[in-house]
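Written out below as structure tokens is the structure these notes cover.
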Amino acid sequence: MPGPLEGKVALVAGATRGAGRGIAVELGAAGATVYVTGRSTRARRSEYDRPETVEDTADLVTAAGGQGIAVPTDHLVPSEVRALVDRIAEEQGRLDVLVNDIWGGELLFEWDTPVWEHDLDKGLRLLRLAVETHAITSHHALPLMLRNPGGLVVEVTDGTAEYNRDTYRVSFFYDLAKSSVLRMAFALGHELGPRGATAVALTPGWLRSEIMLGHFGVTEDNWRDALERVPHFCISETPFYVGRAVAALAGDPEVARWNGESLSSGQLARTYGFTDRDGSRPDAWRYLVEVQDAGKPADATGYR
């Protein structure tokens, strides 16, 4: 049986690992053709120096039932992004879903460090990677998307608009980057809505990404072993959960109802009825407010 996104073309910018990989795979599982980009390839690693590659992600997309196409791209280089979009236009003639998940800042931010003490070069590099890349990609990709009505742009960030409005997030540079992406979705909603397309901001919860699992010294199979050290990790979710959120949005004929809004994976799971791979529905942002930030003992009962 064809998937609900059969015939649709997606670009997941920043799909090497983490949320981007999970989103690409779930779009593929729904039948989409997915172009996946990033700077880590089998021939050359990015400064992360990690083993995940865009080619691996493309293979996972294809294995899931879609068509994965890896295009190594540095989204800080406008000419590379222009060439990427030109290729999609030539090969597919359309673009239905754009996911801006470019990040690359894990090694650049300093926890609880005020702006005057934070390394300035690292902070400015973080802003370029997390904000400028999204603007460059939207600038080049949206004219192709607007050739057909019903396009969807997903700006992936960390935190809902409500949560980030009231909560200091890690450091000046991190806070600014994540809030900027939220505002991008709001602005794009105003520009795209009258032209027949939709833009949303989307946040996963506490993500069991490859980097996070490695940081805690666990794998996806034994991730609960980390709870003794970090009890609130009990609310965590796989990257495929937010991937299913994007697939649900992309397949919703009434997706325009969300235009310009800030959404979360847990919120959309309740709306669309999907689950994480283990059958649970983590609601991380409600948990953070009601349990973790409230100083209560870790207990995900009623939150997943």
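If you read the sequence from its start, that first residue is 1, and numbering goes on from there.
Tyr168 is listed as a side-chain neighbour of Asp112, based on a closest heavy-atom distance under 4.5 Å. Counting heavy atoms from C-beta outward, Val230 and Met212 have side chains that stay 4.5 Å or more apart. Proximity of Val246 to Val156: side-chain heavy atoms (C-beta onward) are nowhere separated by under 4.5 Å. Contact check for Arg165 versus Ser179: no side-chain heavy atoms found under the 4.5 Å cut-off. Put simply, the side chain of Tyr241 does not reach to within 4.5 Å of the side chain of Leu207, judged on heavy atoms. No side-chain heavy atom of Arg224 sits under 4.5 Å from any side-chain heavy atom of Val218.
Here the side chain of Asp101 pairs no donor or acceptor atom with the backbone of Arg21 at under 3.5 angstrom. A donor-acceptor pair is defined here as one N or O able to donate and one able to accept, closer than 3.5 Å; such a pair exists between the side chain of Thr113 and the backbone of Trp111. In terms of modelled atom types and a separation under 3.5 Å, the side chain of Glu155 and the main chain of Val181 share no donor-acceptor contact. Side-chain atoms of Asp175 never come within 3.5 Å of backbone atoms of Phe172 as a donor-acceptor pair (strictly under, hydrogens ignored). A donor-acceptor contact shorter than 3.5 Å links the side chain of Asp96 to the backbone of Val9. The closest donor-acceptor contact from the side chain of Glu52 to the backbone of Arg17 lies at 3.5 Å or more, if one exists at all. A donor-acceptor contact shorter than 3.5 Å links the side chain of Glu110 to the backbone of Asp119. Of the possible donor and acceptor atoms, one in the side chain of Asn259 sits under 3.5 Å from a partner among the backbone N and O of Gly189. Gln267 contributes a side-chain N or O that, together with a main-chain N or O of Ser264, makes up a donor-acceptor pair within less than 3.5 Å. With hydrogens and angles ignored, the 3.5 Å screen pairs no side-chain donor or acceptor of Thr301 with any backbone N or O of Asp299.
The two atoms that bring Pro72 and Val54 nearest to each other are CG-CG2, 4.2 Å, heavy atoms only. Nearest heavy atoms, Thr157 versus Thr203: O-OG1, 3.4 Å. Residues Ala250 and Leu27 come closest through the heavy atom pair CB-CD2, 4.3 Å. In terms of heavy-atom proximity, Tyr174 sits nearest to Arg169 at CD2-O, 3.5 Å. In terms of heavy-atom proximity, Ile235 sits nearest to Ala284 at CG1-CA, 3.7 Å. Considering every non-hydrogen atom in both Asn164 and Lys178, the closest pair reads ND2-CB, 4.1 Å.
Distance check, rounded to the nearest 0.5 Å: OG1 of Thr271 to CZ of Arg257 gives 6.5 Å. Note that CG of Leu188 is 10.5 Å distant from NE2 of His190, once rounded to the nearest 0.5 Å. Here the OG1-CD1 distance, from Thr73 to Ile136, works out to 12.0 Å after rounding to the nearest 0.5 Å. The CG atom of Asp283 sits 4.5 Å away from the CZ atom of Arg270 when rounded to the nearest 0.5 Å. Separation of atoms CZ (Arg281) and OG1 (Thr275) is listed at 6.5 Å; rounding is to 0.5 Å. Rounded to the nearest 0.5 angstrom, Leu142 CG and Arg195 CZ are separated by 10.5 Å.
Between the side chains of Ser40 and Ser46, at least one donor-acceptor pair of N or O atoms lies under 3.5 Å. Side chains of Glu237 and Ser265: a donor-acceptor N/O pair is present below 3.5 angstrom, by distance only. Asp59 and Thr62 form no side-chain donor-acceptor contact under 3.5 Å, judged by distance and modelled atom types alone. In this structure, a donor-acceptor pair under 3.5 Å is absent between the side chains of Thr219 and Asp221.
By the 6.0 Å and 45° rule, Arg277 stacks over the aromatic ring of Phe240.
Of the listed residues (Tyr303, Trp223, Trp285, Phe233), just one forms a ring pair (Phe, Tyr, Trp, His ring centres under 6.0 Å) with Trp206, and that residue is Phe233.
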**Request:** Report the C-alpha distance between Tyr48 and Ile211 in whole Å, list the side-chain angles of each, state the deciding distance to 0.1 Å, and finish with yes or no for side chain to side chain contact (heavy atoms under 4.5 Å, CB included).
**Result:** CA-CA 10 Å; Tyr48 269 11; Ile211 290 176; 3.8 Å; yes
**Item:** Audit row: Cys234, Tyr287, side chain to side chain contact (heavy atoms under 4.5 Å, CB included) steps and yes/no
**Value:** CA-CA 10 Å; Cys234 64; Tyr287 177 91; 3.5 Å; yes
**Request:** Could you walk me through whether Leu84 and Leu11 pass the side chain to side chain contact (heavy atoms under 4.5 Å, CB included) test, one step at a time?
**Result:** CA-CA 10 Å; Leu84 163 68; Leu11 165 59; 4.0 Å; yes
**Asked** After noting the C-alpha distance and the side-chain angles of Leu129 and Leu108, does the key distance pass the side chain to side chain contact (heavy atoms under 4.5 Å, CB included) rule?
**Response** CA-CA 10 Å; Leu129 287 169; Leu108 299 173; 3.7 Å; yes
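By the criterion of side-chain heavy atoms lying less than 4.5 angstrom apart, applied directly or through intervening Ile, Leu, Val, Met, Phe, Trp or Tyr residues, Phe109 is grouped together with Leu176 in one hydrophobic cluster. Ile102 and Leu124 are not part of a single hydrophobic cluster, where members link through side-chain heavy atoms under 4.5 Å apart. Residues Val34 and Leu249 share a hydrophobic cluster, clusters being chains of Ile/Leu/Val/Met/Phe/Trp/Tyr side chains in contact below 4.5 Å. Under the 4.5 Å side-chain contact rule for hydrophobic residues, Trp103 and Tyr35 do not share a cluster. Tracing side-chain contacts under 4.5 Å through hydrophobic residues (I, L, V, M, F, W, Y), one never reaches Tyr163 starting from Leu182; they form parts of separate clusters.
Here Asp276 does not pair with Arg244 in a salt bridge; the nearest charged N to carboxylate O distance is not below 4.0 Å. One finds a salt bridge joining Glu47 and Arg39 here, because a Lys/Arg side-chain nitrogen approaches an Asp/Glu carboxylate oxygen to under 4.0 Å.
Residue Glu162 places its CD atom among 12 or fewer non-hydrogen atoms of other residues, nucleotides or ligands, all under 6.0 Å distant.
For His118 and Phe173, the gap between ring centers is short of 6.0 Å.
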